[in-house]
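These values consider heavy atoms only, across backbone and side chains, with no hydrogens, waters or symmetry-generated copies. We number each residue from 1, following the sequence as shown.
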Amino acid sequence: MPQILLTGASGSLGSYLRHWFTGRGRAFLPTDIVATEDGSPVEIADLADRAAIDRLMAQDISAVVHFGGMAKEAGWQTVLEANIMGAYNVFESARKAGVRRVIFASSYHAQGMYPTAEVPIAIDAPYRPDSLYGVSKAFGETLSRLYFDKFGIECLAIRICTADQPGTPREARIWFNRDDLASLVDYALDIETLGHRTIFGISNNPNAFFVNAPDPDFGWSPSHGSLELGSPDPRQPLDPNDPRHQLTGGIFAEWGHFDDG
């Protein structure tokens, strides 16, 4: 039976997708560089190890949900191996195996250096990454464009915003409910023609930093929004003197180079 290859299956969002897929009877092959916290089976593989990815991709894979890699800022070698080499290995291994669809976990940090005075930022605004992590996500999106245009591998790149429970009004403005995330992944897996698309992974929040233009050919929309949480309130004004409120990337935009020690 064809199955989905889920990378990053032991991570926070990968674990959520594991449970979501299981509950809906989807066949999937979970993989990560570390074991799952709950002891669920997972294929241990390093995304930088091309041979390991090839072995996984050969197991009757119908599509890839690529949520693996380093999920925050790190030194260059870590980002290079986990996110840049890892993304290349996934797309190239998919091409060699004849897999025709990839759902790629990108990040709003690919546009994290925009002043919040200029929001909302459109999906087609130029890249302004706030970190090496953000650079790696811009790389992955660009790589996916190459693999679609030249090799026909369909891709949805999801610029995931704050997928944890928001703790501040700023985070409530860019909140992405996890059921919205999972339903978006499901939708992208099932739609007859995906093509190549990039979308902000964000729920229906007031004062959002990022906005998705209407896309009638795609048709997905979030079912949740941060007002349902009650608190924090995304309508509350942000302190303009707080550096975390001045740029869309928040604290990522404040950090220096992690290799400086």
**OP:** Could you check if a side-chain atom of Lys72 sits within less than 4.5 angstrom of a side-chain atom of Trp255, using non-hydrogen atoms only?
**Re:** no
**OP:** Check for a donor-acceptor pair, side chain of Gln111 on one end and backbone N or O of Ile121 on the other, with a separation under 3.5 Å.
**Re:** no
Original post:
In terms of side-chain geometry, is the basic nitrogen of Lys96 or Asp54 positioned less than 4.0 Å from the acidic oxygen of its partner?
Top reply: no
Original post:
So, the side chain of Glu73 versus the backbone of Leu132: is there a donor-acceptor pair under 3.5 Å, distance only?
Top reply: yes
Original post:
Side chains of Arg128 and Thr248: closer than 4.5 Å at any heavy-atom pair?
Top reply: no
Subject >> Approximate separation, where rounding is to 0.5 Å, of Thr31 OG1 and Leu47 CG >> reply: 7.0 Å
Subject >> From Arg173 atom CZ to Leu238 atom CG, the distance as rounded to the nearest 0.5 Å >> reply: 3.5 Å
Subject >> Student check: side-chain heavy atoms of Val211 and Ile123 closer than 4.5 Å >> reply: no
Subject >> Pairwise distance CG(Leu181) to NE2(His224) - rounded to 0.5 angstrom >> reply: 11.5 Å
Original post:
With a 4.5 Å heavy-atom cut-off, do Ile103 and Leu194 have their side chains touching?
Top reply: yes
Original post:
Leu80, Val90: one ILVMFWY side-chain cluster at the under-4.5 Å cut-off?
Top reply: yes
**OP:** Would you check if the side chain of Asn207 reaches a backbone N or O of Pro234 as a donor-acceptor pair within less than 3.5 Å?
**Re:** yes
Original post:
Where do Leu189 and Ala63 come nearest, in terms of heavy atoms and distance?
Top reply: CD2-CB, 3.8 Å
Original post:
ring pair (Phe, Tyr, Trp, His ring centres under 6.0 Å) between Tyr187 and Phe218: does it pass, once the steps are laid out?
Top reply: CA-CA 9 Å; Tyr187 191 88; Phe218 189 56; 5.0 Å; yes
Subject >> Flag, side chain of Asn204 to backbone of Pro222, donor-acceptor distance under 3.5 Å >> reply: no
Subject >> Interatomic distance, Phe210 atom CZ to Cys161 atom SG [nearest 0.5 angstrom] >> reply: 5.5 Å
Original post:
Side-chain heavy atoms under 4.5 angstrom apart, residues restricted to Ile, Leu, Val, Met, Phe, Trp, Tyr: same cluster for Val65 and Val42?
Top reply: no
Subject >> Neighbour count >12 (heavy atoms, 6.0 Å) for atom CZ, Arg244 >> reply: no
Subject >> Worked check of side chain to side chain contact (heavy atoms under 4.5 Å, CB included) between Leu227 and Asp233 >> reply: CA-CA 7 Å; Leu227 286 180; Asp233 191 335; 4.1 Å; yes
Original post:
Roughly how far apart are Arg50 CZ and Ile53 CD1, rounded to 0.5 Å?
Top reply: 9.5 Å
Original post:
Does Ile251 share a hydrophobic cluster with Ile174, counting links as ILVMFWY side-chain heavy atoms below 4.5 Å and allowing steps through other members?
Top reply: no
Subject >> Glu141-Ser106 side chain donor-acceptor pair, cut-off 3.5 Å >> reply: yes
Original post:
If you look at every heavy atom in Glu154 and Gly195, which pair is closest and at what distance?
Top reply: OE2-N, 2.7 Å
Original post:
For Arg26 and Asp190, what are the C-alpha separation, side-chain angles and deciding distance, and is it a side chain to side chain contact (heavy atoms under 4.5 Å, CB included)?
Top reply: CA-CA 11 Å; Arg26 280 199 185 272; Asp190 292 338; 2.7 Å; yes
Original post:
Cluster question for you: counting only ILVMFWY and a side-chain heavy-atom cut-off of under 4.5 Å, with indirect links fine, are Val64 and Met70 together?
Top reply: no
Original post:
Do the non-hydrogen side-chain atoms of Tyr147 and Tyr88 ever get within less than 4.5 Å of each other?
Top reply: yes
Original post:
Which heavy atom in Pro166 sits nearest to a heavy atom in Pro232, and how many Å separate them?
Top reply: O-CD, 3.4 Å
Original post:
Is there a side-chain contact between Trp220 and Asp180 (heavy atoms, below 4.5 Å)?
Top reply: yes
Original post:
Leu56 and Ile61: which non-hydrogen atoms are nearest, and at how many Å?
Top reply: O-CG1, 3.5 Å
**OP:** Identify, with sequence neighbours excluded, every residue that meets ring-ring contact (aromatic ring centres under 6.0 Å, His included) alongside Phe176.
**Re:** none
Subject >> Chi angles and distances behind the side chain to side chain contact (heavy atoms under 4.5 Å, CB included) call for Glu254, Leu247 >> reply: CA-CA 9 Å; Glu254 289 186 72; Leu247 296 170; over 6 Å; no
Original post:
Are side-chain heavy atoms of Arg101 and Ile191 found at a separation under 4.5 Å?
Top reply: yes
Subject >> Test item: Ser226 side-chain N/O and Asn205 main-chain N/O as donor-acceptor pair under 3.5 Å >> reply: no
Original post:
Between Ser144 and His196, is any side-chain donor less than 3.5 angstrom from a side-chain acceptor?
Top reply: yes
Subject >> Short side-chain to backbone donor-acceptor contact, Asn83 and Gly69, under 3.5 Å >> reply: no
Subject >> Asn177 (side chain) donor-acceptor with Ser223 (main chain) under 3.5 angstrom >> reply: no
**OP:** Please say whether more than 12 non-hydrogen atoms of neighbouring residues, nucleotides or ligands are located less than 6.0 Å from CZ in Arg235.
**Re:** no
Original post:
Just how far is it from atom NZ of Lys137 to atom CG of Asp130, taken to the nearest 0.5 Å?
Top reply: 12.5 Å
Original post:
Name the one of Phe252, Tyr114, Phe209 that satisfies ring pair (Phe, Tyr, Trp, His ring centres under 6.0 Å) with His109?
Top reply: Phe252
**OP:** Before giving the answer on side chain to side chain contact (heavy atoms under 4.5 Å, CB included), spell out for Phe91 and Leu146 the whole-Å C-alpha distance, their side-chain angles and the decisive distance to 0.1 Å.
**Re:** CA-CA 10 Å; Phe91 276 94; Leu146 169 69; over 6 Å; no
Original post:
Do Phe258 and Thr78 have side chains that get closer than 4.5 Å, going by heavy atoms?
Top reply: no
Subject >> side-chain hydrogen bond (donor to acceptor under 3.5 Å, both in side chains) contacts touching residues 5-16 (sequence neighbours left out) >> reply: Thr7-His66, Ser12-Arg178, Ser15-Arg18, Tyr16-Asp179
Original post:
Of all heavy-atom pairs between Ala188 and Leu156, which one has the smallest distance, and what is that distance?
Top reply: CB-CD2, 3.6 Å
**OP:** Please check if Ile153 and Phe139 belong to a single hydrophobic cluster, counting links between Ile, Leu, Val, Met, Phe, Trp and Tyr side chain heavy atoms closer than 4.5 Å.
**Re:** yes
Original post:
Quick check: does any side chain N or O of Gln3 sit under 3.5 Å from a backbone N or O of Ser62, one acting as donor and the other as acceptor?
Top reply: no
**OP:** Just grab all the ring pair (Phe, Tyr, Trp, His ring centres under 6.0 Å) pairs involving residues 19-48, residues at least two apart or on different chains.
**Re:** Phe21-Phe28
Subject >> Heavy-atom pair of closest approach, residues Gly249 and Arg170 >> reply: C-NH2, 3.4 Å
